[in-house]
**Student:** 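Can you keep this structure in mind? I'll have questions shortly.
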Protein chains: 2
Amino acid sequence: MQVLRAMKSTSVSNEKDRAESPESNQSGKREQTKLANRAAILEAGRQIFAELGYEGTTVRDIIRRTELASGTFYNYFKSKEEVFHALHDDGVARFKPLLRAARENAGQDFQAFMITAFGAYFQFLLNDQTIDREMAAMPEWTRVRFDTPESLALFDELKGDIVAFATEFKLDHVDPELLTASCVGIAQEIGDRLLRGRIKDIQAAARFAAYFVLGGSQRVQSEMQA
Amino acid sequence: MQVLRAMKSTSVSNEKDRAESPESNQSGKREQTKLANRAAILEAGRQIFAELGYEGTTVRDIIRRTELASGTFYNYFKSKEEVFHALHDDGVARFKPLLRAARENAGQDFQAFMITAFGAYFQFLLNDQTIDREMAAMPEWTRVRFDTPESLALFDELKGDIVAFATEFKLDHVDPELLTASCVGIAQEIGDRLLRGRIKDIQAAARFAAYFVLGGSQRVQSEMQA
DNA sequence: ATACGATGTTGACGCGCTGTCAGCTTTTCG
DNA sequence: CGAAAAGCTGACAGCGCGTCAACATCGTAT
């Protein structure tokens, strides 16, 4: 059963919409169903992953929480991995503007950028319904990490920002690759501890990370040029 | 077929060993077989994981590369996950003495400790036959990360060392939890890039990381007490 | 309104993996 | 040597996987 049929009973919108706004979005019934099905699978996936963990969930678990037949799943995703990637990319996409805002607001102030960026990341991790948040909360020993193209694009953007600031501040002996890697590593590891409650104070963590990176960069610069 | 039987044909040692050294190690035939079987499974696991990736391998793949029957696997491990953990822990156990050596040799020199420790880690990652090395080389988007008790013990040991140095150097406003997290994050992220060839120079990377941590800690100390 | 192709859904199917267990072989020990 | 213990073996039931022929629904031309 397509999910649209199930929703019809509770939903007020129907064919009239199409009559009133004939060329609004893709609002053929077919398109609507596709969107609804995809959304249903993603939502079911989010729930099941949170309950069973990545390893523990099966495509069947996901589809079972849905009104769809098992075969339908494969019209939308190749595997549970692809579902997870989509969920993950959602999170990345929601975070991206926050990073951009941090850069806009910081102007030429490297320190402000770092504090805002780390703060935004930690805040985002803890508050936003990102799939990674759910997963990190699980007490598993075997974790999964995702490097989707979307993630990598975010890293690249971050690297661009960092290079710009590094140039501005004459950090010409600081390898941007290493610097970006360090920032990412720090963010991930501290973020992980925040999610597990080993660390509590987000603002303190953000300031720590920011000062750490600033001090680290400068020290590397002075040591490396010697 | 137990692997011992297979080895017998090429192995010279046999019952005589037991007669000659009756109470050497656990050298009952039974004990020997158990050791050999376990080792065979681990070795097969190492190969298969490297070939198929963590997600891609099945218990059957592992056991098939062995002369054992499928049921026997479960006398030794509960799942492929447990095999992987054992392999991972092997690596951790081999690295531990290197970290200890770094601390011994450094004496009171925090900088020397950091350079040696990071260097040892990167060297170890690239040279030692650790299972993680094999896996990171694979071009997957979905990675797996392991926090075994063994890993966590290593982190704790590292944290102890770091706290000792932090105390020595009056870094009393630097949260040890955050500092350790940062060191681990930096090591992991740079290590990852080394494994994938995005970064080449191990020594430069080690110095970068060490100076970064030193400078970072000091900056945090001075900012936080203000 | 009707009919017809296009599009998407359904669920049963064959295959392979999982973990178990009764039966058997090998080792240990008296 | 013989009996008991240990542990190996492979068949088995259960389940998840991805596919696909049959079917239902939608879009569109007449």
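Chain identifiers are assigned alphabetically (A, B, ...) following the order of the sequence lines, protein sequences preceding nucleic acid strands; residue numbering begins at 1 within each chain.
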**Student:** Look at the side-chain N and O atoms of A:K34 and state whether any lies under 4.0 Å from the OP1 or OP2 oxygen of C:dG8.
**Tutor:**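 Affirmative; the distance criterion is met.
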
**Student:** Send over the distance from B:R38 CZ to D:dC8 C1', rounded to a whole Å.
**Tutor:**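 Going from B:R38 (CZ) to D:dC8 (C1'), I get 18 Å.
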
**Student:** Send over the distance from B:L52 CG to C:dC17 P, rounded to a whole Å.
**Tutor:**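 Roughly 11 Å, once rounded to whole Å.
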
**Student:** Say whether, by atom type as modelled, one donor and one acceptor occur between the side chain of B:R133 and the main chain of B:L126 under 3.5 angstrom.
**Tutor:**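 Checked: pair present.
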
**Student:** Output all residues satisfying salt bridge (charged side-chain N to carboxylate O under 4.0 Å, His left out) with B:R100, sequence neighbours left out; order by chain, then residue number.
**Tutor:**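 Per chain and number, B:R100 pairs via salt bridge (charged side-chain N to carboxylate O under 4.0 Å, His left out) with B:E157.
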
**Student:** Mind calculating the distance between CD (A:Q32) and P (D:dC26) to the nearest angstrom?
**Tutor:**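 Whole-Å distance recorded here is 11 Å.
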
**Student:** Does B:N75 make a side-chain N or O approach to OP1 or OP2 of D:dC8 shorter than 4.0 Å?
**Tutor:**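 For D:dC8, OP1/OP2 do have a side-chain N/O of B:N75 under 4.0 Å.
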
**Student:** Would you classify A:F77 as touching base, sugar-phosphate or nothing, given that sugar-phosphate means primed atoms plus P, OP1 and OP2, and contacts are heavy atoms under 4.0 Å?
**Tutor:**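 A:F77: no heavy atom of the nucleic acid under 4.0 Å.
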
**Student:** Can you name the residues that form a side chain to side chain donor-acceptor pair (under 3.5 Å) with B:D90, not counting sequence neighbours?
**Tutor:**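 So B:D90 forms no side chain to side chain donor-acceptor pair (under 3.5 Å) with any residue.
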
**Student:** For A:K78 and D:dG18, is the shortest distance between a side-chain N/O and OP1 or OP2 below 4.0 Å?
**Tutor:**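 It does not, given that no N or O in the side chain of A:K78 lies less than 4.0 Å from OP1 or OP2 of D:dG18.
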
**Student:** Return the set of residues passing salt bridge (charged side-chain N to carboxylate O under 4.0 Å, His left out) with A:D161 (not counting sequence neighbours), or none when no residue passes.
**Tutor:**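 In terms of salt bridge (charged side-chain N to carboxylate O under 4.0 Å, His left out), with neighbours along the sequence ignored, A:D161 is linked to A:R103.
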
**Student:** Could you tell me which residues satisfy ring-ring contact (aromatic ring centres under 6.0 Å, His included) with A:F124, sequence neighbours excluded, listed by chain and number?
**Tutor:**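 For A:F124 the ring-ring contact (aromatic ring centres under 6.0 Å, His included) partners, ignoring immediate neighbours, are A:F95.
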
**Student:** B:I63 has an atom CD1; how far is it from atom P of C:dG19, in whole Å?
**Tutor:**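 Value for this atom pair: 12 Å.
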
**Student:** Rounding to a whole Å, what distance do you find between B:F73:CZ and D:dG7:P?
**Tutor:**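 That distance rounds to 17 Å.
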
**Student:** How many Å lie between CD on A:E81 and C1' on D:dG18, as a whole number?
**Tutor:**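 Computing the A:E81:CD to D:dG18:C1' distance gives 16 Å.
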
**Student:** Answer with yes or no whether B:R30 presents, from its side chain, a donor or acceptor under 3.5 Å of a partner atom in the base of C:dT28.
**Tutor:**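 No pair found.
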
**Student:** Take atom CG of B:N37 and atom P of D:dG7, then tell me their distance rounded to the nearest Å.
**Tutor:**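 The answer, rounded to whole Å, is 10 Å.
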
**Student:** Out of C:dT27, D:dC8, C:dT9, which has the shortest distance to the side chain of B:K29?
**Tutor:**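 In terms of side-chain proximity for B:K29, the closest of C:dT27, D:dC8, C:dT9 is C:dT27.
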
**Student:** Quick one: which residue pairs count as a salt bridge (charged side-chain N to carboxylate O under 4.0 Å, His left out) with a foot in residues 49-63 of chain B, not counting sequence neighbours?
**Tutor:**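 Pairs touching residues 49-63 of chain B that pass the test: B:E51-B:R65, B:D61-B:R64.
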
**Student:** Do the side chain of A:T66 and the main chain of A:L68 share a donor and acceptor less than 3.5 angstrom apart?
**Tutor:**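 Looks like no, no N/O pair under 3.5 Å.
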
**Student:** Kindly give the atom pairs (protein nitrogen or oxygen, nucleotide nitrogen or oxygen) under 3.5 Å for nucleotides 11-17 of chain D.
**Tutor:**
unit_1, atom_1, unit_2, atom_2, d
D:dG16, OP2, A:R64, NH2, 3.4
D:dC17, OP1, A:V59, N, 2.9
D:dC17, OP2, A:V59, N, 3.4
D:dC17, OP2, A:R60, N, 3.0

